[in-house]
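The structure appears right after this line, and notes come after that.
All of these numbers come straight from a predicted model, not from anything done at the bench.
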Amino acid sequence: MEVSSRARGFAMVLVASLLWGVSGTVAQSLLQHHSFTTEWLVAARLLLSGTLLLLLSLFGNDGQNVWRIMSSGADVGRLFLFGIFGLLGVQYTYFASIEIGNAATATLLQYLGPVFLTVYVVVRHRQLPSSAQMLALMLALIGTFLLITNGRPDKLSISAGAVVWGLASALALAFYTLYPKSLLHRWGSTVVLGWAMLIGGIGLCILTRPWQAIAIDWEITSVLGVAFLVLFGTLIAFYLYVDSLRFIKPAETSLLASAEPLSAVVATVVWLHVPFGWFEWLGAICIIGTVFALAQKVETKKKQATVEPAIEQRVSS
């Protein structure tokens with residue numbers, strides 16, 4: 001029974017990671033081939049997903065917290081910060097990187113988020129990085145260099161804008177991972193994420209008025225693409241990822257989630273025929289390797305600064 005449960009947990013994480021990876025490629029198709037805008041796609045994803053998450057919360061174990069969270073003044077302020085700078089920040093920068101570049105590179109650059117978070121923890125605690133953290137930083141630097149240059153330092157293999165937005169996405173992911181821990185502990189992940197998505201989506205609508213986009217190419221494939229992003233790329237993937245914690249350890253889910261950038265690369269290359277050179281593949285392997293390096297245990301707890309992606313709110317991609 002134990003082996004069967006662990007296998008179930010592994011399968012759930014892998015499916016969730018594959019859905020997240022493929023959703024980036026779906027977003028690229030909508031942005032580059034169906035005239036969708038980053039503003040419209042992010043607003044729709046946040047508003048629809050947030051609404052559905054809150055509806056699920058109302059009928060779940062956290063139903064009473066859906067409205068109670070709004071009675072806590074301090075937590076409402078934190079929720080707004082998380083919604084604007086966390087959810088909206090990581091979604092907008094990620095999709096903007098996809099729109100200018102491609103889903104494979106955007107996903108890999110966003111995966112540098114735990115590395116930025118590690119640097120923050122090391123600096124804040126004023127301690128020397130562990131050997132695992134040093135290895136992760138080296139892999140991140142080498143991987144990023146190879147990914148954006150394809151081995152030619154005199155020429156970028158993707159646009160500078162895509163790189164800037166991708167690195168901004170990684171920084172936003174670091175904030176998104178670190179900031180809402182107290183909120184998640186008190187109110188539950190679906191409640192916090194649902195409200196944060198709604199706040200981020202409404203904020204983006206106020207700033208950009210995405211409904212004014214009139215050049216969108218609406219056809220059956222684009223409708224299915226939007227539905228996939230909301231249902232499979234957000235809700236189902238999130239549910240599978242969180243529910244897997246009943247069967248396997250958080251560290252194991254973090255490692256298995258490395259399938260996300262790999263699936264994004266494969267889907268982008270095979271489906272959208274985006275060229276990906278040998279050096280870029282090597283860079284991808286290095287960046288994915290940072291997750292394995294950061295997952296290594298440090299024997300002395302006082303010296304430990306290991307950073308795992310926050311399981312409860314991993315719906316960035």
Heavy-atom nearest pair, Val22 first then Ala267, reads CG2-CB, 4.5 Å
Candidates Thr268, Val269, Thr25 - the one meeting side chain to side chain contact (heavy atoms under 4.5 Å, CB included) with Asn102 | Thr268
Worked check of side chain to side chain contact (heavy atoms under 4.5 Å, CB included) between Trp195 and Val66 | CA-CA 8 Å; Trp195 278 117; Val66 171; 4.0 Å; yes
Is the number of heavy atoms from other residues, nucleotides or ligands within 6.0 Å of CZ (Phe228) greater than 12?
-> yes
Is it possible for you to say whether Ile142 and Leu109 belong to one hydrophobic cluster, with membership spreading through side-chain heavy-atom contacts below 4.5 Å?
-> no
Connected via hydrophobic side-chain network under 4.5 Å: Leu18 and Val13 = no
Could you tell me the separation between the CG atom of Leu183 and the OG atom of Ser189, rounded to the nearest 0.5 Å?
-> 12.0 Å
If every non-hydrogen atom of Ser49 is compared with every non-hydrogen atom of Arg45, which pair is closest and at what distance?
-> OG-O, 2.8 Å
Separation between CD1 (Ile288) and CG (Leu139), nearest 0.5 Å, reads 11.5 Å
Are side-chain heavy atoms of Phe10 and Phe247 found at a separation under 4.5 Å?
-> no
Gap between atom CD1 of Ile236 and atom CE of Met12 - 0.5 Å precision | 12.0 Å
Could you tell me which non-hydrogen atom of Ser244 sits nearest to which non-hydrogen atom of Gly9, and how far apart they are?
-> CB-O, 3.7 Å
Linking I/L/V/M/F/W/Y whenever any side-chain heavy atoms sit under 4.5 Å apart, do Leu48 and Leu224 land together?
-> no
Are Leu235 and Phe59 connected in a single hydrophobic cluster, I mean Ile/Leu/Val/Met/Phe/Trp/Tyr linked by side-chain heavy atoms less than 4.5 Å apart?
-> yes
Given side chains that start at C-beta, do those of Trp67 and Leu58 come closer than 4.5 Å, heavy atoms only?
-> yes
Looking only at atom types and distance, does a side-chain atom of Trp20 sit under 3.5 Å from a main-chain N or O of Gly233, one as donor and one as acceptor?
-> yes
Correct closest heavy-atom pair for Ala162 and Ser97 would be O-OG, 2.9 Å
Leu52/Leu231 under side chain to side chain contact (heavy atoms under 4.5 Å, CB included): CA gap, chis, key distance, verdict | CA-CA 9 Å; Leu52 291 173; Leu231 296 176; 4.2 Å; yes
So, does Gln28 use its side chain to make a donor-acceptor pair with the main chain of Ala103 at under 3.5 Å?
-> yes
Please check if the side chain of Ser222 supplies one atom and the backbone of Glu219 the other of a donor-acceptor pair under 3.5 Å.
-> yes
Under 3.5 Å, is there a donor-acceptor pair between the Gln133 and Thr118 side chains?
-> no
Are Phe279 and Leu112 connected, step by step, through hydrophobic side chains (Ile, Leu, Val, Met, Phe, Trp, Tyr) whose heavy atoms are closer than 4.5 Å?
-> no
Check the pair Trp218 / Phe36 against ring pair (Phe, Tyr, Trp, His ring centres under 6.0 Å), numbers first and verdict last.
-> CA-CA 9 Å; Trp218 284 109; Phe36 280 76; 5.2 Å; yes
Met197 side chain reached by Thr234 side chain, heavy atoms, under 4.5 Å | yes
Is a donor on one side and an acceptor on the other found under 3.5 Å between the side chain of Ser71 and the backbone of Arg68?
-> yes
Does some side-chain heavy atom of Ser29 sit less than 4.5 Å from a side-chain heavy atom of Leu272?
-> yes
Side-chain donor or acceptor of Ser23 paired with backbone N/O of Leu229 under 3.5 Å | no
Separation between CD1 (Ile199) and CG (Leu46), nearest 0.5 Å, reads 11.0 Å
Give the C-alpha distance, both sets of side-chain angles, the deciding distance and a yes or no for side chain to side chain contact (heavy atoms under 4.5 Å, CB included) between Leu41 and Val226.
-> CA-CA 8 Å; Leu41 212 51; Val226 173; 4.3 Å; yes
Tell me, do Leu198 and Thr51 make a side-chain contact under 4.5 Å, heavy atoms counted?
-> yes
Does atom NE2 of His185 have more than 12 heavy-atom neighbours, drawn from other residues, nucleotides or ligands, at distances under 6.0 Å?
-> no
What do you reckon, is CZ of Phe145 surrounded by more than 12 foreign heavy atoms closer than 6.0 Å?
-> yes
Ala140 backbone acceptor or donor facing Thr144 side chain under 3.5 Å | yes
List the atom pairs, with distances to 0.1 Å, where a side-chain N or O of residues 78-90 and a protein N or O form a donor-acceptor pair under 3.5 Å, not counting sequence neighbours.
from, atom 1, to, atom 2, distance (Å)
Arg78, NH1, Asp75, OD1, 2.7

When rounded to the nearest 0.5 angstrom, what distance separates CG in Leu108 from CG in Leu262?
-> 9.0 Å
Would you say the side chain of Phe238 lies within less than 4.5 Å of the side chain of Leu193, judging by non-hydrogen atoms?
-> yes
Got Phe116 and Leu173 here, is their nearest side-chain heavy-atom distance under 4.5 Å?
-> no
Residues Val191 and Leu54: closest non-hydrogen pair is O-CD2, 3.8 Å
Donor-acceptor under 3.5 Å (Ser157 side chain, Leu147 main chain) | yes
Could you walk me through whether Phe95 and Thr37 pass side chain to side chain contact (heavy atoms under 4.5 Å, CB included), step by step?
-> CA-CA 9 Å; Phe95 276 57; Thr37 65; over 6 Å; no
Do the rings of Tyr179 and Phe175 sit parallel, tilted or perpendicular, given the 30° and 60° boundaries?
-> parallel
Reported CD1-to-CG distance for the pair Ile148 and Leu167, which is rounded to 0.5 angstrom = 7.0 Å
If you look at every heavy atom in Ala168 and Thr93, which pair is closest and at what distance?
-> CB-CG2, 3.9 Å
More than 12 heavy atoms from other groups under 6.0 Å of CE on Met70 = yes
Heavy-atom donor-acceptor pair, Ser263 side chain to Glu260 backbone, under 3.5 Å | yes
Would one find more than 12 heavy atoms of other residues, nucleotides or ligands at under 6.0 Å from atom CH2 of Trp271?
-> yes
